[in-house]
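Everything below concerns the one structure shown next.
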Amino acid sequence: MRLFKEFYERNEKLSFAGSLLISHPSQSEGYFRHTVILLMVHSSDDGSLGLVLNRPLKQKLGDYKPELSDSKLASVPLFDGGPVSREQLILVAWKQVDEKTLKFYFGIDESKALEIIANDPEFDLCGFLGYAGWSEGQLEDELKMNAWVLKKSPALLSDLGTPKAWHTLLTSEGPKMRLLAEEPDDPSLN
């Protein structure tokens with residue numbers, strides 16, 4: 001972590017949009033415990049916005065918006081996107097372009113979503129209720145305090161749509177993170 005901290009402090013103006021934020025195991029309480037967030041917008045000057053990927057709601061868009069129950073969008077899965085504006089629906093489409101590149105459409109409306117899936121069925125489409133947001137400099141401060149593990153986004157984001165994604169990603173960060181990720185919630189069980 002120290003190396004990341006030094007790298008980050010030398011490159012504070014870099015945008016981390018498109019990266020994953022994995023909550024550090026020290027975040028043992030609160031909303032962000034065991035979350036994986038796709039950082040959609042990042043600016044140290046203007047703030048950041050991301051979507052929680054690993055909190056499926058076990059609900060489809062057609063359930064949430066009955067007027068879409070006969071639409072091609074009815075089966076779009078919904079996720080708890082974050083604690084801000086939880087009543088706001090955010091539609092996102094993405095696809096793997098190559099091994100290192102993802103193409104995103106963020107915050108699209110229903111007609112654009114229908115157009116995307118009609119023209120290119122390789123796109124995954126998901127709906128998020130709410131989002132995670134940080135004001136100017138807030139995320140940078142949290143990164144400096146090691147509240148998050150920053151990771152390049154993998155090509156297959158759909159694999160992260162389960163509660164187990166946090167554990168899987170964190171354990172891939174090396175032995176120390178594996179040990180921390182596998183700590184029991186109740187230390188007396190250790």
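Residue numbers count from 1 along this sequence.
Evaluation of the side chain to side chain contact (heavy atoms under 4.5 Å, CB included) rule for Val84 yields Tyr131 as partners, not counting sequence neighbours.
Thr35 places none of its side-chain heavy atoms less than 4.5 Å from the side chain of Trp166. At least one side-chain heavy atom of Leu143 sits under 4.5 Å from a side-chain heavy atom of Leu21. Put simply, the side chain of Ile108 does not reach to within 4.5 Å of the side chain of Val92, judged on heavy atoms. Ser19 has its side chain out of reach of Lys151: every pair of non-hydrogen atoms, C-beta onward, lies at least 4.5 Å apart. Residues Lys65 and Leu89 meet the side-chain proximity criterion, which asks for heavy atoms closer than 4.5 Å. The shortest distance between side-chain heavy atoms of Ser71 and Glu110 does not fall below 4.5 Å. Looking at Leu139 and Leu39, their side chains come closer than 4.5 Å, going by heavy atoms from C-beta outward.
Hydrophobic clustering keeps Leu129 apart from Val41 (ILVMFWY residues linked when any side-chain heavy atoms are closer than 4.5 Å, directly or through intermediates). Trp148 and Leu150 fall within a single hydrophobic cluster, where Ile, Leu, Val, Met, Phe, Trp and Tyr are joined by side-chain heavy atoms under 4.5 Å apart, directly or via other members. Transitive grouping of hydrophobic side chains (ILVMFWY, heavy atoms separated by less than 4.5 Å) keeps Ile37 and Leu91 in distinct clusters. Both Leu68 and Ile116 sit in one connected hydrophobic cluster of ILVMFWY residues. Membership requires side-chain heavy atoms under 4.5 Å apart, directly or through other members. Hydrophobic clustering, with ILVMFWY side chains joined whenever heavy atoms are under 4.5 angstrom apart, groups Phe79 together with Phe104.
Between Leu78 and Leu61, the closest heavy-atom pair is CG-N, 3.9 Å. Summarising the geometry of Tyr105 relative to Lys112, their closest heavy-atom pair is CE2-CE, 4.1 Å, with the distance given to 0.1 Å. In plain terms, the two heavy atoms of Ala74 and Ser69 that are nearest each other are CB-O, 3.5 Å. Here the shortest heavy-atom pairing between Leu125 and Ala93 reads CD1-CB, 3.9 Å. When all heavy atoms of Val76 and Gly127 are compared, the pair lying nearest together is CG1-N, 3.7 Å. Residues Thr168 and Thr171 approach most closely at O-OG1, 3.1 Å, considering heavy atoms.
More than 12 heavy atoms of other shown residues, nucleotides or ligands fall within 6.0 angstrom of atom CG in Asp109.
By the 30° and 60° cut-offs, the orientation of the rings of Phe32 relative to Trp134 is parallel.
Rounding to the nearest 0.5 angstrom, the gap separating the CD atom in Glu67 from the CG atom in Leu73 is 11.0 Å. Atoms CZ and CG, on Phe106 and Leu38 in that order, are 9.0 Å from each other to the nearest 0.5 Å. Expressed to the nearest 0.5 Å, how far NE2 of His167 lies from OG1 of Thr162 amounts to 12.0 Å. Distance NE2/His24 to CD/Glu142: 13.5 Å, rounded to 0.5 Å. With rounding to the nearest 0.5 angstrom, the NZ atom of Lys103 is 11.5 Å from the CD atom of Glu122.
The main-chain N or O of Gln138 is never found under 3.5 Å from a side-chain atom of Asp141 such that the two would form a donor-acceptor pair.
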Would you tabulate the side-chain donor-acceptor contacts of residues 46-57 under 3.5 Å, counting partners in other chains and residues two or more places apart, or write 'none'?
| residue | atom | partner | partner atom | Å |
| --- | --- | --- | --- | --- |
| Asn54 | OD1 | Val36 | N | 3.0 |
| Asn54 | ND2 | His34 | O | 2.9 |
| Arg55 | NH1 | Tyr31 | O | 3.1 |
| Arg55 | NH1 | Tyr31 | OH | 3.3 |
| Arg55 | NH2 | Tyr31 | O | 2.5 |
| Arg55 | NH2 | Arg33 | O | 3.2 |

